[in-house]
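Since this is a predicted model, take the numbers as computed values, not measurements. Note that these values count all heavy atoms, side chains included, but never hydrogens, waters or copies made by symmetry. Within every chain, numbering begins at 1; the chains are lettered A, B, ... in the order of the sequence lines, protein sequences first and strands thereafter.
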Protein chains: 2
Amino acid sequence: MNHEETLKPALIRRLVRYCHYIQARHAIECARTISSVEIASYTDVDESQVRKDLSAIKVSGTPRIGYQTPEVIHAIHHELGFEHDLLAVIVGAGHLGSALARYRGFEHYGLRVVAIFDTAPEKVNTVVAELVVEPIERLGRVIGETGVKTAILTVSPDAAEDIAHRLARAGIKAIWNFVPARFKAPDGVFIRHQHLSTGLAELAYFLKKAPDN
Amino acid sequence: MNHEETLKPALIRRLVRYCHYIQARHAIECARTISSVEIASYTDVDESQVRKDLSAIKVSGTPRIGYQTPEVIHAIHHELGFEHDLLAVIVGAGHLGSALARYRGFEHYGLRVVAIFDTAPEKVNTVVAELVVEPIERLGRVIGETGVKTAILTVSPDAAEDIAHRLARAGIKAIWNFVPARFKAPDGVFIRHQHLSTGLAELAYFLKKAPDN
DNA sequence: TAGATTGTTAATCGATTAACAATC
DNA sequence: TAGATTGTTAATCGATTAACAATC
């Protein structure tokens, strides 16, 4: 066992980019090989970086030819764990939570939503994406029975931290947080904050700076 | 006019974090002042960095006391342009596009969706968040008439690049791209990629690596 | 063979952290 | 006053880019 390094988040993000681009190229032009220069120019990454990144996940290319596209795609999928099924519960059946439950775009990455919860009595027992919304009190039982390790958090900002801890106690190991709030992660739980407001802030700032507003 | 530097994306992201945290603290505990150490510990940023960042947006604190919470919040809002209204159109009335149209969480940042478009005839003329879905052909006219500068992109991956160029021709200056595809930005247009699959990739990788899966 | 592209090492650059004098 | 905290400069660290020998 030779060290098995952990990929850094920045590297993971670049790999996802490469994958998006190469899959598009592969689908449209049936390109069987691709060079680091091509990948670099489309993904806004330096070409040396691309070669380094691919070498980090043990993909090698051929001088004068480039990399085999199917091999690159497969290696990235394998390395990032897209091959495994990723079962998840959603907590918060508001607009965002319901949309994520219905969204088909994540199936490709193995995500499958198995339950959805909400505190509001008027939401409970409604149906979202073929799932009956359950009361938050059933959280522990459902997670225990299904063995789900991942939760998608789309509750209100003031409830987020409390719910995160309930999730941790119920056995959740990873939280994908869409709530615009930042809180300390419960011990042993990985939190990936997905604050859409950050993207919005960058847009707002650009528009404020743009000469012609 | 003394240089007027442009804030870097990383700084913008940190400012948004500070803001989330300070607003929460301000709301819950009515804390009137806050030190760089407190902000740092909650936002996972070094305390020197916090001081540097606040100084970059011309907020100053008082030794032994800290920073005035309302002043910090206001300065961040002002600097990032949250005070202006941000009118936007949404292109793609699928699950994600509709959810973003209905989502109330962005009002706080000044975002207002004024129109929503789709190519599918069965979507056109349906109502989403009090807006009638319009055919994509009306894009140019609506953007021209309203003077909207921002578009939220939630179409299918293979349509994304083409639509981005149509948006640019119609006068859009900033695109918030939720489509899991990366493409070259049309000249003079700012694209903020918001690839949710990147977050998902990080979760998948964590779970793959976690000892107990 | 000639030449394009990989893989990797070295050089540069920028971002993060540490340190500390100034200050309330 | 004493001591905590700011504001900023200097030191460190890591990430990015450049360069080039190896290679097909």
| Does a donor on one side chain and an acceptor on the other come within less than 3.5 Å for A/His20 and A/Thr43? | no
| message | Under 3.5 Å, is there a donor on one side chain and an acceptor on the other for B/His77 and B/Gln23? | response | yes
Using only atom types and a distance under 3.5 Å, with no angle test, would you say the side chain of [X] pairs donor to acceptor with the backbone of [Y]?
{"X": "A/Lys208", "Y": "B/Glu79", "answer": "yes"}
{"X": "A/Asp118", "Y": "A/Ala93", "answer": "yes"}
{"X": "A/Thr69", "Y": "A/His26", "answer": "no"}
{"X": "A/Ser197", "Y": "A/Leu200", "answer": "no"}

| Residue pairs passing the salt bridge (charged side-chain N to carboxylate O under 4.0 Å, His left out) test where at least one lies in residues 92-106 of chain B, sequence neighbours excluded |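 Residue pairs passing salt bridge (charged side-chain N to carboxylate O under 4.0 Å, His left out), neighbours aside: B/Arg104-B/Glu107.
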| message | Suppose the criterion is salt bridge (charged side-chain N to carboxylate O under 4.0 Å, His left out): which pairs have a residue in residues 80-89 of chain A, not counting sequence neighbours? | response | A/Asp85-A/Arg112
N/O (side chain, [X]) to phosphate O (OP1/OP2, [N]) under 4.0 Å:
{"X": "B/Ser55", "N": "D/dT8", "value": "yes"}
{"X": "A/Arg13", "N": "D/dA15", "value": "no"}
{"X": "A/Lys8", "N": "D/dA15", "value": "yes"}
{"X": "B/Arg14", "N": "C/dT16", "value": "yes"}

Roughly how many Å is it from [atom1] in [X] to [atom2] in [N], rounded to a whole number?
{"X": "B/Arg64", "N": "D/dA4", "atom1": "CZ", "atom2": "C1'", "result": "5 Å"}
{"X": "B/Leu54", "N": "D/dT6", "atom1": "CG", "atom2": "C1'", "result": "11 Å"}
{"X": "A/Leu11", "N": "D/dA15", "atom1": "CG", "atom2": "P", "result": "10 Å"}

| said: Would A/Lys184 and B/Tyr42 count as a cation-pi pair here, with the cationic atom under 6.0 angstrom from the ring centre and within 45° of the axis? | reply: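 Yes, cation above the ring, under 6.0 Å and within 45°.
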| remark: Distance col, row A/Ile34:CD1 vs A/Ile39:CD1, nearest 0.5 angstrom, shows 5.0 Å
| Closest to the A/Ser60 side chain, choosing from C/dG7, D/dG7, C/dC24 |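 So the nucleotide nearest the side chain must be C/dG7.
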| query | With B/Asp53, which of B/Arg13, B/Arg14, B/Lys58, B/Arg17 fulfils salt bridge (charged side-chain N to carboxylate O under 4.0 Å, His left out)? | reply |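 Exactly one option meets the salt bridge (charged side-chain N to carboxylate O under 4.0 Å, His left out) with B/Asp53, and it is B/Arg14.
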| request: Could you identify which residues of residues 21-49 of chain A place a heavy atom less than 4.0 Å from some atom of DNA chain D, listed by residue number, or say none? | output: A/Asp46, A/Ser48, A/Gln49
| query | Among residues 66-75 of chain A, which contact DNA chain D at a heavy-atom distance under 4.0 Å? | reply |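 Going residue by residue through residues 66-75 of chain A, none turns out to have a heavy atom under 4.0 Å of DNA chain D.
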| Is there a ring-ring contact (aromatic ring centres under 6.0 Å, His included) between B/Trp176 and B/Phe106 once you walk through the steps? | CA-CA 13 Å; B/Trp176 197 6; B/Phe106 297 142; 5.5 Å; yes
Atom pairs under 3.5 Å: protein N/O with N/O of nucleotides 20-22 of chain C:
none

| field | Donor/acceptor link under 3.5 angstrom from A/Lys52 side chain onto base of C/dT6 | value |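 Result: no qualifying N/O pair found.
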| Does some side-chain heavy atom of B/Asp44 sit less than 4.5 Å from a side-chain heavy atom of A/Arg182? | yes
| said: Can you confirm whether A/Phe82 sits close enough to A/His108 that some side-chain heavy atom of one is under 4.5 Å from a side-chain heavy atom of the other? | reply: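 When only atoms from C-beta onward are counted, A/His108 and A/Phe82 do not touch, as no gap falls below 4.5 Å.
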| field | Dot-bracket line, read 5' to 3' along DNA chain D, where crossing pairs take [ ] and | marks a partner on another strand, Watson-Crick or G-U under 3.5 Å | value | ..||||||||||||||||||||||
